[in-house]
Structures are given as C-alpha cells and as structure tokens.
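Here's the structure, in structure tokens; my notes come after.
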Amino acid sequence: MSIDVKNIAEDALDDLKGRYLTFFIDDTCYGIELLYISEIISVLPVTHIPGLPVYFKGVINLRGKVAPVIDVRLKFGQEERPYDDKTCIIIVNISDMQVGLIVDMVADVVSMENALRNPPPETGRNGDRYLASIANVGGKVILNIDCEKFFQSDLRLY
C-alpha cells in the first residue's frame with residue numbers, strides 16, 4: 001500500500017482556500033487567509049531592534065528560531081495601546097519566513113465564497129493599501145489583508 005503524500009498536501013491546501021482567520025484591531029474586523037497562518041500564540045517578550053519603524057516591535061524567540069514581530073495596530077497608523085489578555089500574536093508564513101502579527105483579539109475562522117468578496121475602494125489611506133478584498137459574512141464586514149502587499153516593504157528591513 002502506498003500513500004500519495006503530494007495529493008494529501010494538495011487536498012489540505014484546497015481545504016484552506018477561501019477560509020480566513022479573523023481578528024480585531026479596535027472595532028474593525030480583519031481577515032488573513034488560513035494558507036498563511038502557522039499558529040496563534042500569547043504575547044511573548046519582544047527584543048527591541050533599534051532603527052526600525054515604530055510598528056516593528058522587534059523579534060521573539062519562537063522555539064529556538066528568531067521571528068520578527070509587527071504590531072498591526074501601529075502599522076495601520078492607529079494609536080498604541082497596552083496589551084491585555086486578549087492580545088495575541090498570529091504567526092504568519094510569508095516568503096519562507098515566520099513573522100508575528102500582534103493583534104487586539106482573534107475572532108473566528110470563516111469561509112468566504114468568492115461572490116461575497118469585493119475589491120476594496122481606493123481611498124489612499126494607510127491601511128487600505130494592504131487590503132485584498134472586503135467581505136460581508138453573516139452581517140459582519142471583514143477587511144481581508146493581502147499578505148504579499150502587507151509585508152512587501154517590511155521583509156526588506158529584516
């Protein structure tokens with residue numbers, strides 16, 4: 001008996017497509033496609049690295065590997081706030097690298113049909129340029145982040 005690992009991996013990826021992890025920054029709900037998500041962890045001690053943008057909080061030790069950490073709230077130009085018991089770090093895999101995203105609170109995993117997602121309006125605001133789509137799921141508006149755009153300039157810094 002042989003097992004086709006390639007097909008299993010492709011099936012697993014297919015199961016993740018169209019599914020998003022949702023999280024909050026203030027009262028705004030954002031989503032990141034599950035294909036990018038590795039795990040969700042509590043806020044860990046962060047080692048500050050001087051000379052980086054203010055939203056780059058530093059690096060964490062993630063099971064012996066160093067991972068940069070970005071505060072999404074600050075990257076979107078919002079006011080900093082103290083971390084609480086709902087604040088967490090979403091570990092994202094992008095360009096063969098793990099990056100932590102500090103968010104106010106993780107919400108749900110939701111499935112989104114293509115028909116439910118709309119292109120974001122072009123307003124020229126800071127956070128809008130990172131959006132892939134806007135969806136209305138169960139009466140809740142979700143701003144879906146385009147991970148490639150979100151990390152485009154940051155990966156060159158690290």
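Hydrogens, waters and symmetry mates play no part in the numbers below; they use all other heavy atoms, side chains included.
Using a distance-only test at 3.5 Å, with no hydrogens or angles considered, a donor-acceptor pair links the side chain of K75 to the main chain of F150. Although no hydrogens or angles enter the test, the distance criterion places no donor-acceptor pair under 3.5 Å between the side chain of D26 and the main chain of T28.
Looking only at side-chain heavy atoms (C-beta outward), Y83 and I89 stay at 4.5 Å or farther from each other. Taking the side chain as every heavy atom from C-beta outward, F56 and I70 approach each other to under 4.5 Å. V141 places none of its side-chain heavy atoms less than 4.5 Å from the side chain of C29. Within the 4.5 Å cutoff, no side-chain heavy atoms of I90 are placed close to those of Y36. Between V92 and F151 there is a side-chain heavy-atom pair separated by less than 4.5 Å.
Of the N and O atoms on the side chains of Y30 and D104, not one donor lies less than 3.5 Å from an acceptor on the other residue. Side-chain N/O atoms of D108 and T22 include no donor and acceptor closer than 3.5 Å.
If you take CG on D96 and CD1 on I94, they are separated by 9.5 Å, rounding to the nearest 0.5 Å. We find the CD-CE distance between E33 and M112 to be 9.0 Å, quoted to the nearest 0.5 Å. Rounding to the nearest 0.5 angstrom, the gap separating the CD1 atom in I32 from the CD1 atom in I142 is 12.5 Å. Of the inter-residue distances, the one linking Q98 atom CD with L62 atom CG reads 5.0 Å to the nearest 0.5 angstrom. In this structure, CG in N93 is found 10.0 Å from SG in C147, a value given to the nearest 0.5 Å. For the atom pair I60 CD1 and I41 CD1, the distance stands at 4.0 Å (nearest 0.5 Å).
When every heavy atom of R73 is checked against every heavy atom of E80, the shortest pair comes out as CD-CA, 4.0 Å. Residues V59 and P68 share a closest heavy-atom pair of CG1-CA, 3.9 Å. Scanning all heavy atoms of the two residues, the minimum distance from Y20 to G31 falls at CD2-C, 4.0 Å. The minimum heavy-atom distance linking V46 with K57 is given by the pair CG1-O, 3.2 Å. Looking at every heavy atom in both residues, P120 comes nearest to A132 through CD-O, 3.5 Å.
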- Message: Determine whether I40 and L21 satisfy the following criterion, side chain to side chain contact (heavy atoms under 4.5 Å, CB included), listing intermediate values before the conclusion.
- Response: CA-CA 10 Å; I40 302 165; L21 175 69; 3.8 Å; yes
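Tracing side-chain contacts under 4.5 Å through hydrophobic residues (I, L, V, M, F, W, Y), one never reaches I134 starting from F24; they form parts of separate clusters. Connection of I37 to M97 is established within a shared hydrophobic cluster, with ILVMFWY side chains joined at heavy-atom distances below 4.5 Å, either directly or through further cluster members. Under the 4.5 Å side-chain heavy-atom criterion for grouping Ile, Leu, Val, Met, Phe, Trp and Tyr, I49 is connected to L101 within one hydrophobic cluster. Criterion: ILVMFWY side-chain heavy atoms under 4.5 Å apart, direct or through other members. Under it, V72 and L74 are part of a common hydrophobic cluster. Neither I102 nor V106 shares a network with the other; the hydrophobic side chains, linked directly or stepwise wherever heavy atoms of I, L, V, M, F, W or Y lie under 4.5 Å apart, form separate groups for each.
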